[in-house]
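Have a look at the structure below, then the notes.
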Amino acid sequence: MNYKFILFLSASLLPLSITRAQDTLSTHISYDLSTEAAVGTGDFTAFQLSTNRHHVLGTRANTAYLRGAIQVEHAFNKNLTLSGAVDVIGSVHANHKVYLQQCYANLSWKNFFLEVGSREEKPVVRDELLSSGSFVKGTNAKPIPQIHIGTNGFWTVPYTKGWLQMNFDFGYGKFMDSGYREDIFYNNDINYMYATGAYYHQKHLYFRSNPTKRIFVTVGIEHAVQFGGTSYSYEEGVLTAKKKPANLKAFWRAILPTGDSQYYENGAMEDWVYGNHIGVMTYQIGWNINQHHQVQAYLDNPFEDGSGIRKGNGWDGLWGLQYTNKTPGKQYVRGAVFEYFQTTNQSGPIHWDSGDYPEPIRSQITDLVTGNDNYYNHNFYGSYTHYGMTPGNALIPSPIYNKDGYNGFRDNRVKAWHVGINGEITDHLSYLVKGSYQEGLGTYSLPLAKKHHSFDAMFQGIYQLGPWQFSAAYAFDKGNIYGDNSTFNFKIKFHGKIL
């Protein structure tokens, strides 16, 4: 699998949809044109403006972009649909000047799909606008191109009389940031290694009881893996490369965290588990107060190995409350989210399997000591990032914010409180308010003598007039994580139809 093949297949399917538009009215072609600018003071664009947006807006201060996208959809019949899109962004004062944000082709049959390419995926259970995001497959980083299959939303399982619904996704892709990682490594002396050519495996499986009942529950799991690729590091002044296989056996082993149980004796410590595994287990309960008002409570429990799966990580996780107002027409409060996010435990500070304890000390440890999960960091792949941003929860500060160019997570032990509210003021004017306060303790291996902190807030107004959308926002950061930033943001978007 490679990115060129994905782009070729995606681009090949899109003209097929356009060709069919000449002889059928079941084809729809639309386009979006938008421009956005962020201006202000500080070293970065304010946190709430640039995070959880698929890294569309640059993190650097005083940045802007032009964006154009075309979408094609053709229905062969009521069950079979072929769709796709091409989406290009040109930015100034950003890490990327011109790049392909989305390029995909999607074949859907009833409630199922097969998709090839790069697409901005929506979160399954978290509110896309209000939440701080998923620990694994959030909306914070640029899309990772992949080939995957799954369900379009929740699918009602047959023979359950509507009581059980399922949502799943399964695919393989490839990280496209090899050049970005390489440039950072050679442009500073802070990094000891970098990895290129990493492949990507992701999957999720959620089960939900009937959401129209008074009480309903949702449980599920998300899992992502970095595997394959090559890791470069200097050993005694010589740049050494260690390559991981990306054959069929490696693709199979990425599905479950398996590896070499004799990794110490075989001298390949990083092969104890094949790949860098990141996961989250979700437990959620909802209450339909009445036809229009709903409240949900949830816990997203992160894990990177068995200690997190068995909840050896204490209070770590995303604990949240979400209110949803489904009343038609203007509503001053359409939705609200309050979340507490903690990653300070990580199953404890000690992981004796790390090799720090030689024989005979290691053999004398009889208790299970598998802590120091070191969320999002890895000794072979460096970090769970795509172009410097984590695909996971943005409240763990991404390496792109490291001013010295360090490509790992320095502050992955955090406590944070987050709130988001949106609603409509008039028939055309809506608003979005988000705010977070976070404290960082560093990592277990490099703890901070004095904790970091930051208060980040955003106030946005959105005016919709037919196909036009105008928005203005003000956001700020106060603290020593991102620094003191103050940003004004303006955006114009037009949605047009060709057919």
Please work out whether the ring planes of [X] and [Y] are parallel, tilted or perpendicular, with thresholds of 30° and 60°.
X: Y381; Y: H378; result: tilted
X: F113; Y: H148; result: perpendicular
X: W315; Y: W319; result: tilted
X: Y199; Y: F227; result: tilted
X: H201; Y: F170; result: perpendicular

Give, for atom [atom1] of [X] and atom [atom2] of [Y], the distance between the pair rounded to the nearest 0.5 Å.
X: D127; Y: Q296; atom1: CG; atom2: CD; result: 10.0 Å
X: I89; Y: Y99; atom1: CD1; atom2: OH; result: 4.0 Å
X: R413; Y: Q346; atom1: CZ; atom2: CD; result: 6.5 Å
X: N288; Y: H293; atom1: CG; atom2: NE2; result: 11.0 Å

Modelled atom types, side-chain donor and acceptor of [X] and [Y], under 3.5 Å:
X: N140; Y: T51; result: no
X: H223; Y: K203; result: yes
X: Q48; Y: S436; result: yes
X: H204; Y: N167; result: yes
X: Q202; Y: Y200; result: no
X: S131; Y: E339; result: yes
X: D373; Y: S347; result: yes
X: N106; Y: E115; result: yes
X: N489; Y: E36; result: yes

- Message: Here's a test for you: under side-chain contact (heavy atoms from CB on, under 4.5 Å), which of I396, L446, D404 qualifies with R410?
- Response: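 Single side-chain contact (heavy atoms from CB on, under 4.5 Å) partner of R410 among I396, L446, D404: D404.
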- Message: So, applying side-chain contact (heavy atoms from CB on, under 4.5 Å) with L57, which one of R53, R60, H55 is it?
- Response: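 In the set R53, R60, H55, the residue that makes a side-chain contact (heavy atoms from CB on, under 4.5 Å) with L57 is R53.
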Short side-chain to backbone donor-acceptor contact, [X] and [Y], under 3.5 Å:
X: T487; Y: A46; answer: yes
X: N313; Y: S307; answer: no
X: Q102; Y: E120; answer: yes
X: H277; Y: Y274; answer: yes

- From the list T390, T343, D316, N393, side chain to side chain donor-acceptor pair (under 3.5 Å) with Y375 holds only for D316
- From the list T344, T443, N374, side chain to side chain donor-acceptor pair (under 3.5 Å) partner of N412 resolves to N374
- Apply the test side-chain contact (heavy atoms from CB on, under 4.5 Å) to residues I400 and Y387: give CA-CA distance (whole Å), side-chain angles for both, the deciding distance (0.1 Å), then the verdict. CA-CA 8 Å; I400 200 169; Y387 291 104; over 6 Å; no
- Message: Could you report the tightest heavy-atom contact between F338 and W417, atom names first, then the distance?
- Response: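 In terms of heavy atoms, the two residues are closest at CZ-CD1, 4.2 Å.
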- Item | Positive for ring pair (Phe, Tyr, Trp, His ring centres under 6.0 Å) with F409, one of Y401, Y376, Y444, Y384 |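 Among Y401, Y376, Y444, Y384, the one that satisfies the ring pair (Phe, Tyr, Trp, His ring centres under 6.0 Å) with F409 is Y376.
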- Output field: ring centroids Y232/Y194 closer than 6.0 Å: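 Aromatic pair counts; centres sit under 6.0 Å.
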- Message: side-chain contact (heavy atoms from CB on, under 4.5 Å) for N276 and F380? Distances and angles first, verdict last.
- Response: CA-CA 8 Å; N276 178 24; F380 186 89; over 6 Å; no
- Task: Tell me, with the steps shown, if D300 and R126 meet salt bridge (Lys or Arg N to Asp or Glu O under 4.0 Å).
- Result: CA-CA 10 Å; D300 291 343; R126 292 297 143 254; 2.9 Å; yes
